[in-house]
Each structure stands twice: as C-alpha cells, then as structure tokens.
Amino acid sequence: MSDQNRYELNKNLAQMLKGGVIMDVTTPEQAKIAEAAGAAAVMALERIPADIRAAGGVSRMSDPKMIKGIQDAVSIPVMAKCRIGHFAEAQILQAIEIDYIDESEVLSPADDIFHINKREFDVPFVCGAKDLGEALRRIEEGASMIRTKGEPGTGDIVQAVRHMRLMNQEIARISSMREDELFNHAKELQVSYDLVRFVHDHKKLPVVNFAAGGVATPADAALMMQLGAEGVFVGSGIFKSGNPAKRAAAIVQAVTNYTDAKLIAKLSEDLGEAMVGINEQEIALLMAERGK
Amino acid sequence: MEISKPQIGVLAVQGAFIEHERILKSLGAEVFEIRQLRDLDRHLDGLVLPGGESTVQGKLLHDLGLFEPLKNLIEKGLPTFGTCAGLILLANKLSNDSHTYFGALPATVERNAYGRQLGSFYAEENFEGIGKVPMTFIRAPLIQSASEGVQVLATVNDQIVAIRYKNQLAISFHPELNEDLRVHRYFLEMISHFY
C-alpha cells in the first residue's frame, strides 16, 4: 500500500472518532468501565496525568504488557503515549499494533529539538498543539490528528480554551490573507506552503482536531465543543472523580448534545466529587511548554 | 411518486456524520441531524447511520431515547443506509459480540474483522449496478453471511462488503470518505423507488 493511502486511512480513523470522548485508563477494569460508559477510544497508560504530576521524576511509555491487557479487554480503539522524540518507544507501540500513538508532552520529553518523523510509521499519531504553527509542524512530520495541549492532570480548562481560541483566530487570519501573503506566512510558521494553502482554502486544519487537557465536567466538554473541538480527550477527569462511570457517561452525552444546556444541566446533577483541580498559577511544571 | 427533494435524517450522536451530510446535500437532498428525540418530530424520507464506534452509538441511542422510535421506523420500512458502524447497528447477529441493536437486517456481521488500525485498507471493486467504486475500510466489520432475500451488492476478495435487504442498504466500507458520489446516489434512487 502506498504511504499516501496509509496516511489517508490514518486520518480517516480520526474522523470516525469525531463527536466522541477518548478516556485515559490504567487497567483493563477501567477500560471496560470507559467502554461501557460510551468511550470512543481509550488511552492506555500506567499513571494518569494527575498522578504523573504528583509523582514527579521521569515519566516514560507504559509497560507493553499492561497496554496489551487493555487491548484484550475492549473492542474500541486503544491509544498509548510515547515520549516526544522517542521513536524507539513509538516503534514498540507499533509492534504491538496500537491503534493510535500520542506523542505526548505528558511524558518526559526524550528530545528537546526533534519530534518523531511520523511519516516513517504505519500506525497513526496524534500530537498536541498550542497554536496553528505547532499543529502544522506536527502535521508536516506526519501527525494524522491534532489535540489541544491543555495542562494535563490539573482539571483546569483555561489552557485548552486558550489553545482552541488561538487556533481558530489564526485559521481565520490565514483564510483572509491574500494569496501572495501565504508564502511568507509559511516561512513564519516554519511549515510548507502547501499546508498553509490548505488552511487558507478550506478554513480548517487538514486533520481532525480534539480538545485535551483539563476537561473535568460535562460543561467543560460542551465548552470545548462549542469552541470548535471535534471531540474530547478526558484524562484524569474521570478516574480521579467520585463516580467515574456516571461522570464518563455524562461527558459522552454532553459531547453529542453540546448546545443543549437543559440536557447538560440534567447530566451535571449528582455526579459526585469532581477531580481536585490545580490552577495554572499553582503549578511548577507547565507541560504544554514541552515540544514546540 | 418521485420525491424532488428527499428529507434525510442523519444519525449524529457520534462519528463521521458530517461527511454523509456534505455528500447528500451536494446531491440535492435536504439533510438534518438526529441528536435527540425532538429531532424526530419532522418528516423523514430516509435515514443514514454513519460510521463511528458502534458501542458508543448504540449506548447513546438508548440513553437519548432514540432507540425504540428509530427501530420502529426501520421496521416499518423507512429507507435506511448504514455504513460500517451503521451496518453493525442494523445486523440481527454479531458473531463476536453478544449485543445486537436494531436487528432488522438478516445478516451475520463480524466486528473489527480485519483487526486493528494496521489492518485498515483501501480497495476499488465492483458495486452492483454502479461499477468500480473506491472503498475505504477502517477497522471494518465483515458481512459473514446473509439470509435468503438479501441481495449482495459488492465483494472484496470473495468477502461480502455491501448488501441490500428491502428498505436497508448496508455497507462495511465508507463511501462518505471519498469524493465519489455514486453510492449515495444509489441510496437516493432507492428512496425514490420506495415511495
């Protein structure tokens, strides 16, 4: 199969996940709870971001055995994280036939300059982006899905909102540029003219864009969807809360009917304790600054 | 009776529904999204069940109270077009899953029959009455067997990938992901012959 076909198929899988919620899970039991609650995919990892943040130290790809246990437990797609730039970890995840690799700032970066050349892989990659330039650089490297880089493990939505708004503003700006201005703008963003041209012509990214980082409530999910996210990742927000199954199902429904405030009001009732949040001013480590 | 502008409801609880809407609109249909019960208050000539995750869509159909009303409409003969997850929702037997959903289509379907994402593939094969069409299979299901009365419309490597049964058109690939409009046109023609 040609590389171009494979890349199309990988972008297509992200299209199938749209309007869905991708949930962080650490055990097969959690994966089953997530699937039953309506997760469109699960992210298998040893520790959820809130615990990674609390534990400190170097955080790496999860044990392949643990990931395989989750693959066996559910029928929905299974994603897993590798460190930014750590192509050997990505090779391992491909070898166990993961459905999507998240080259993620949640783990400690393995390379402070170069991201993985994702074009060399057959399995798809999702990458985080704070703005349009970052998104297009990751797409140039072969990412077939983008997500915001909201601050993981904080339960604070402010950064994901900032990234989504910035992305929308920059897309609107490119869309209104004269064609002769696009060449220079491509240089400013450090990406190819073709990608900038695509955004100019289509008024959107060439791949699916999800919200991630800090989503803790159905209202958070609805906020991100109304701001233009095509789906939502929920990390620590579910299994760090009082009633994971109920909260997960409520977030899933809120993503489907994200403009129906009456329904979301009902969904938000009696969800129990939300995850304990940390405001962005209170954290020492800004993971979103990893990888540019 | 020929319908000049068919009203098509697209199930929009999760998945790639916008892609279907875009194609159906370009073919002149009036398209609306079905996200909750009140969306069914209007008349519809046809129903599209898009690709996505069948487990998610199945759960949301029940949670949002859409399941029984849609099941009734399909059983009463509403022209229905299911792709990938939509095929799974229609089948009356899943060989590797204890669940079934609408169960109106007498066929046995295997979920994720080609394995994980690495097994996803692209092909171009003959579609009955249309000719060669692009076929994108994403973690696709397979139609293992179909009962009598079910018409096989397409096969890939001798495996059934598209069938028609009375009011239902069910396909394991994603015609909504390619620029080719002919499979959707086939569905619209199916609707016009139905009324």
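Note that this is a predicted model, so its numbers are computed, not measured. Lettering follows sequence order; numbering is per chain, from 1. Atom set for the values below is all heavy atoms of this structure, side chains included, hydrogens, waters and symmetry mates excluded.
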Give, as side chain, backbone, both or neither, the part of B:E33 having an atom under 4.5 angstrom from any heavy atom of chain A.
-> neither
Are a donor atom and an acceptor atom from the side chains of B:S147 and B:Y165 found within less than 3.5 Å of each other?
-> no
For the candidates B:D63, B:N96, B:T55, which exhibits the highest count of non-hydrogen atom pairs separated by less than 4.5 Å from chain A?
-> B:D63
Structural part of B:A12 lying under 4.5 Å from a heavy atom of chain A | backbone
With a 4.5 angstrom heavy-atom cut-off, could you sort out which part of A:N10 is near chain B: side chain, backbone, both or neither?
-> both
Does a side chain donor of either B:H184 or B:S26 reach within less than 3.5 Å of an acceptor in the other side chain?
-> no
Within 6.0 Å of NZ in A:K68, more than 12 heavy atoms from elsewhere | no
Based on non-hydrogen pairs under 4.5 Å, which of B:E19, B:H174, B:R111, B:R139 is most in contact with chain A?
-> B:R139
Which residues share a ring pair (Phe, Tyr, Trp, His ring centres under 6.0 Å) with B:F187, sequence neighbours left out | B:F81
Measure B:F137 against the heavy atoms of chain A and call it side chain, backbone, both or neither at under 4.5 Å.
-> backbone
Where does B:L118 contact chain A at under 4.5 Å (heavy atoms): side chain, backbone, both or neither?
-> both
Looking at B:F127, does the NZ or CZ of B:R182 lie under 6.0 angstrom from its six-membered ring centre and within 45 degrees of the ring axis?
-> no
Hey, which of B:G52, B:G115, B:P50, B:S54 has the most heavy atom pairs under 4.5 Å with chain A?
-> B:G52
Residue among A:E97, A:Q71, A:E35 with most heavy-atom pairs under 4.5 Å to chain B | A:Q71
A:Y258, part contacting chain B, at a heavy-atom distance under 4.5 Å = side chain
Select one option (side chain, backbone, both, neither) describing which atoms of A:A41 are under 4.5 Å from chain B's heavy atoms.
-> neither
Just how far is it from atom CG of A:L45 to atom CG of A:D102, taken to the nearest 0.5 Å?
-> 9.5 Å
Any side-chain donor paired with an acceptor under 3.5 Å for B:N112 and A:S75?
-> no
Do A:E8 and A:N5 have side-chain atoms, one donor and one acceptor, less than 3.5 Å apart?
-> no
